[in-house]
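Heavy-atom basis, side chains included; hydrogens, waters and symmetry copies ignored. One is the number of the first residue; the rest follow in order along the sequence. Keep in mind that this is a model prediction, so the values were computed, not measured.
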Amino acid sequence: MKFAYYLAALAALGAGQAAQAGGSHAATHAEPLLSDAKEGIAPDTDIRSVHASRTGGHVTFRMETGGEAGSSVPPATGSLGGAGVQAYVWPLSLDPSAAGFEAGSGTLALVATAHPDFDDTPLFDENGDGDLANDGAGWHSHWVVLTPNDGCGEGMLSVKDIPEGATPALPPTWPGLPLYIDSPGYSPVLNGKEVSLTVPLAEEALAFDGVTAGLKVNANIHAPLLCVTDVFDIASGDLSLPGKLE
């Protein structure tokens with residue numbers, strides 16, 4: 001599925017969502033973004049609904065699927081090059097600076113992901129075994145910045161690369177990869193058919209969508225380093241970010 005022609009619309013949405021939502025700490029809920037059942041895809045990648053709610057300075061994003069959430073994980077290959085990544089993705093209208101990245105650098109997305117061939121959360125021991133470097137197969141969270149990259153295929157996206165020598169603004173929990181990626185340590189909750197993530201965000205209006213996707217590390221481990229290679233489902237059907245949280 002082609003993405004590049006959607007990104008201008010995403011940028012426009014982002015520019016229009018900057019109004020403050022007020023200082024109340026009461027819970028605010030967006031209208032659910034509903035998605036019809038699809039045939040020919042794994043049930044846990046078949047999006048049925050996407051939700052967002054805010055309580056004070058935190059927002060919880062939820063995605064309900066047609067099967068047991070998180071049951072599809074890429075097989076281990078024993079190599080970083082060509083490694084597969086499974087992801088639940090919430091593309092947002094917020095500028096990447098909302099998560100500590102360089103302003104205007106692309107489309108900000110929150111991701112719950114699993115990939116058994118590498119660990120990109122060096123500050124956290126998700127499986128509690130005392131080893132910080134063996135947790136990639138477990139579901140964990142990232143902020144990423146997505147941009148069009150024809151090196152991944154015509155009209156496709158990649159996690160934005162950081163060119164050698166460049167020093168863009170990055171979050172303090174950036175894992176050291178040459179990518180616009182953050183490993184903030186927020187734990188996804190997988191409960192039956194639902195996956196959810198709660199993250200701190202400024203009380204600011206935002207638009208959202210939901211995507212299930214597969215990504216792959218470049219076999220030669222160079223830019224583009226991490227490509228979106230498979231898009232299983234998009235809640236809106238067109239990445240128009242129709243979900244609204246005030």
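- Taken from CD1 in Ile181 to CG in Asp161, the straight-line distance is 11.0 Å, to the nearest 0.5 Å.
- Closest non-hydrogen pair, Leu157 versus Cys152, comes out as O-SG, 3.7 Å.
- In this structure, the side chains of Val199 and Leu110 come closer than 4.5 Å at one or more pairs of heavy atoms.
- With hydrogens and angles disregarded, a donor-acceptor distance shorter than 3.5 Å links the side chain of His140 to the backbone of Thr113.
- Evaluation of the salt bridge (charged side-chain N to carboxylate O under 4.0 Å, His left out) test over residues 32-47, restricted to residues two or more places apart or in two chains, returns Lys38-Asp233, Asp46-Arg48.
- At distances below 3.5 Å, not a single donor-acceptor pair connects side-chain atoms of Asn220 with backbone N or O atoms of His222.
- Between the side chain of Ser141 and the backbone N or O of Tyr186, at least one donor-acceptor pair lies under 3.5 Å.
- For His51 (side chain) and Pro32 (main-chain N/O), no donor-acceptor pair under 3.5 Å exists by modelled atom type.
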message: Pair Thr198, Thr60 - check side chain to side chain donor-acceptor pair (under 3.5 Å), show working.
response: CA-CA 4 Å; Thr198 298; Thr60 298; 2.7 Å; yes
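- A side-chain donor-acceptor contact under 3.5 Å links Asn149 to the backbone of Gly151.
- The main-chain N or O of Leu179 is found under 3.5 Å from a side-chain atom of Trp174 such that the two form a donor-acceptor pair.
- Panel note: side chain Ser35, backbone Ile47; a donor-acceptor pair is recorded below 3.5 Å.
- With Asp150 contributing its side chain and Glu154 its backbone, the two residues share no donor-acceptor pair below 3.5 Å.
- With sequence neighbours left out, the salt bridge (charged side-chain N to carboxylate O under 4.0 Å, His left out) criterion links Asp209 to no other residue.
- Taking the six-membered ring for Trp and thresholds of 30 and 60 degrees, Phe61 and Trp90 have ring planes inclined between 30 and 60 degrees apart.
- Contact check for Leu226 versus Ser158: no side-chain heavy atoms found under the 4.5 Å cut-off.
- The structure places CD1 of Ile221 at 6.0 Å from OG of Ser79, a figure rounded to the nearest 0.5 Å.
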Test log, rule side chain to side chain contact (heavy atoms under 4.5 Å, CB included), inputs Gln86 and Ser72: CA-CA 7 Å; Gln86 192 83 359; Ser72 294; 3.7 Å; yes
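- The backbone N or O of Asp182 lies less than 3.5 Å from no partner atom in the side chain of Thr173, so there is not a single donor-acceptor pair.
- Panel note: side chain Ser196, backbone Arg62; no donor-acceptor pair is recorded below 3.5 Å.
- In terms of heavy-atom proximity, Ser53 sits nearest to His29 at CB-ND1, 3.3 Å.
- Of the inter-residue distances, the one linking Leu94 atom CG with Leu201 atom CG reads 6.0 Å to the nearest 0.5 angstrom.
- Connection of Leu177 to Val89 is established within a shared hydrophobic cluster, with ILVMFWY side chains joined at heavy-atom distances below 4.5 Å, either directly or through further cluster members.
- For the atom pair Lys160 NZ and Leu108 CG, the distance stands at 13.5 Å (nearest 0.5 Å).
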